[in-house]
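Notes follow once the structure below has been shown.
Predicted, not measured: the structure shown is a model, and the values here were computed from it.
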Amino acid sequence: MSVSAIIHLKERRPLYGLARKNEVAKYKKKRARELQHDKFRDTAGKIFDRVGDKLEGQGKTLLYGLAGIVLLAVLLGVYLKWSNRKADEARRALGRAIAIATAPVSTASPIPGAPAPAYSSEQERSQRAIEVFQQVANKYGDPYRTEARYFIATNLLSIDRAKGLSELAAVSQSSVVEPAALAKFALAQALEADGKYDEAAKLYSELAARNIEVVTSDSANLRLAGVYEKQGKKKEAVDLLFNIVEASRKAKDADGIPLPPSSAARDASEKLQKLDADRYAKLTPEAPGDSPF
């Protein structure tokens, strides 16, 4: 072997050793990663094994549980679809009955060429409306049943007043809030018309205390003031009217902007001005643009 070859060999040995060290380092890193991966896999495997042991023998139970959830979801979807369809159907049926109850009535001789009114008397119209409302009450659940009963009661007032009053009293005790409130208000009005002022005042007071959207406190108190006036209780009537209007004039929205007066507040303002002009003059001035005149 030549000297140059020996030199080259000696030069290559350190280089070879260095390369060998690099390969070993790379291998160690790779093996470390593999070992870490194996450790993770082993740990995960142990966890899965434990879960599997706990669930062993429960496969059918889980399957039945999942099947039950799916079935429940399907049944719920079917029910909601059916419920919405029935609700739409009930609303349409109620609308048809209301259209009958509000149809025109005329006892006059028909004008040649003009369409004849559907009913010749209020009693005839009410009887027909009752029949259709009864069909709604028989076929559908609440709130449509109770709403139909309310309309039946109001139409009965022109056919069998005692029965109508009795039915209004029954509906007014219903747990379906809106038709119950409307029934109580109609009953109070009927009692007021019959001169039973104490009974009417009691019902109006109860409605005012509840302040339901369909019969607000202002609406109930406005009627109550009318009852007090008929009873000769002018001061009580004036106080109620003043309070309705004063509260309305001071009412503001969340931004501090004055709210427009309700129809009850406008009626109360007119009534107070006629009943007691001096008390009317003590009201808080109206916000610009709120004058009912």
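Put simply, the side chain of K139 reaches to within 4.5 Å of the side chain of E89, judged on heavy atoms. By the 4.5 Å heavy-atom criterion applied to side chains, E229 and K233 are not counted as neighbours. Proximity of I212 to V177: side-chain heavy atoms (C-beta onward) are separated by under 4.5 Å at one or more points. Using a 4.5 Å cut-off on side-chain heavy atoms (C-beta onward), V171 and I152 make no contact. Residues N221 and T216 form no side-chain contact, since every pair of their non-hydrogen atoms from C-beta on lies 4.5 Å or further apart. Counting only heavy atoms from C-beta outward, the side chains of K252 and L259 never approach each other to under 4.5 Å. Put simply, the side chain of R249 reaches to within 4.5 Å of the side chain of S269, judged on heavy atoms.
Heavy-atom minimum distance, Y144 versus V136: O-CG1, 4.2 Å. Of all heavy-atom pairs between A264 and S219, the closest is CB-N, 3.9 Å. Contact detail for V215 and A181: the closest heavy-atom pair is CG2-O, 3.9 Å. Minimum heavy-atom separation, A208 to A220: N-CB, 3.6 Å. The two residues R161 and A193 have their closest heavy-atom pair at NH2-CB, 4.2 Å. Closest of all the heavy-atom pairs between A183 and S172 is CB-N, 3.8 Å.
Figure legend: R145 and Y140 shown without cation-pi pairing, the cationic atom not lying both under 6.0 angstrom from the six-membered ring centre and within 45 degrees of its axis.
Between the side chain of N138 and the backbone N or O of Q134 there is at least one donor-acceptor pair closer than 3.5 Å.
The cluster map of Ile, Leu, Val, Met, Phe, Trp and Tyr, joined by side-chain heavy atoms under 4.5 Å apart, puts L191 and Y150 in the same cluster. The hydrophobic cluster containing L168 also contains Y197, counting ILVMFWY residues as joined when their side-chain heavy atoms lie under 4.5 angstrom apart, directly or transitively. Cluster membership for V227 and L203, using ILVMFWY side-chain heavy atoms within less than 4.5 angstrom, is shared. Each of V132 and F151 belongs to its own hydrophobic cluster when Ile, Leu, Val, Met, Phe, Trp and Tyr are linked at side-chain heavy-atom distances under 4.5 angstrom. Under the 4.5 Å side-chain heavy-atom criterion for grouping Ile, Leu, Val, Met, Phe, Trp and Tyr, L187 is connected to V214 within one hydrophobic cluster.
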Criterion side chain to side chain contact (heavy atoms under 4.5 Å, CB included) on I100 and Y119, from CA distance to verdict
CA-CA 9 Å; I100 292 171; Y119 305 99; 3.3 Å; yes
Begin from the C-alpha positions of L165 and D194 and carry the test side chain to side chain contact (heavy atoms under 4.5 Å, CB included) through to its verdict.
CA-CA 11 Å; L165 292 172; D194 292 345; 4.0 Å; yes
Can Y204 and E192 be said to form a side chain to side chain contact (heavy atoms under 4.5 Å, CB included), step by step?
CA-CA 10 Å; Y204 286 136; E192 180 185 349; 2.8 Å; yes
Full working for side chain to side chain contact (heavy atoms under 4.5 Å, CB included) between S120 and V105
CA-CA 5 Å; S120 60; V105 172; over 6 Å; no
Stepwise salt bridge (Lys or Arg N to Asp or Glu O under 4.0 Å) test for K235 and D239
CA-CA 6 Å; K235 181 182 183 307; D239 286 344; 2.8 Å; yes
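Taking the charged nitrogens against the carboxylate oxygens, K234 and D276 have no contact shorter than 4.0 Å, which rules out a salt bridge. Using a 4.0 Å cut-off between charged nitrogen and carboxylate oxygen, R92 and D88 do not count as a salt-bridge pair. K202 and E206 are joined by a salt bridge, as a carboxylate oxygen and a charged side-chain nitrogen come within less than 4.0 angstrom of each other.
How far CD1 of I244 is from NZ of K271: 10.5 Å, rounded to the nearest 0.5 Å. Taking CD of Q273 as the start and CG of L283 as the end, the distance is 9.5 Å to the nearest 0.5 Å. We find the OG-CG distance between S217 and L240 to be 11.0 Å, quoted to the nearest 0.5 Å. Atom CD1 in I130 sits 10.0 Å away from atom CD in E167 (nearest 0.5 Å). Atoms CZ and CG, on R223 and L207 in that order, are 11.5 Å from each other to the nearest 0.5 Å. Expressed to the nearest 0.5 Å, how far CG of D218 lies from CG of N211 amounts to 7.5 Å.
By the neighbour-count criterion of 12 heavy atoms within 6.0 Å, atom NZ of K230 is densely surrounded, having more than that number from other residues, nucleotides or ligands. Counting heavy atoms of neighbouring residues, nucleotides and ligands inside a 6.0 Å radius, atom CZ of R210 does not exceed 12 of them.
Checking E246 against T284 by side-chain atom types alone, a donor-acceptor pair falls below 3.5 Å. Residues Q127 and N155 bring no donor and acceptor atom of their side chains to less than 3.5 Å of each other. T146 and D142 share a side-chain donor-acceptor pair at under 3.5 Å.
Applying side-chain contact (heavy atoms from CB on, under 4.5 Å) to S126 and the options R128, Q123, E122, E124 leaves one that passes, E122.
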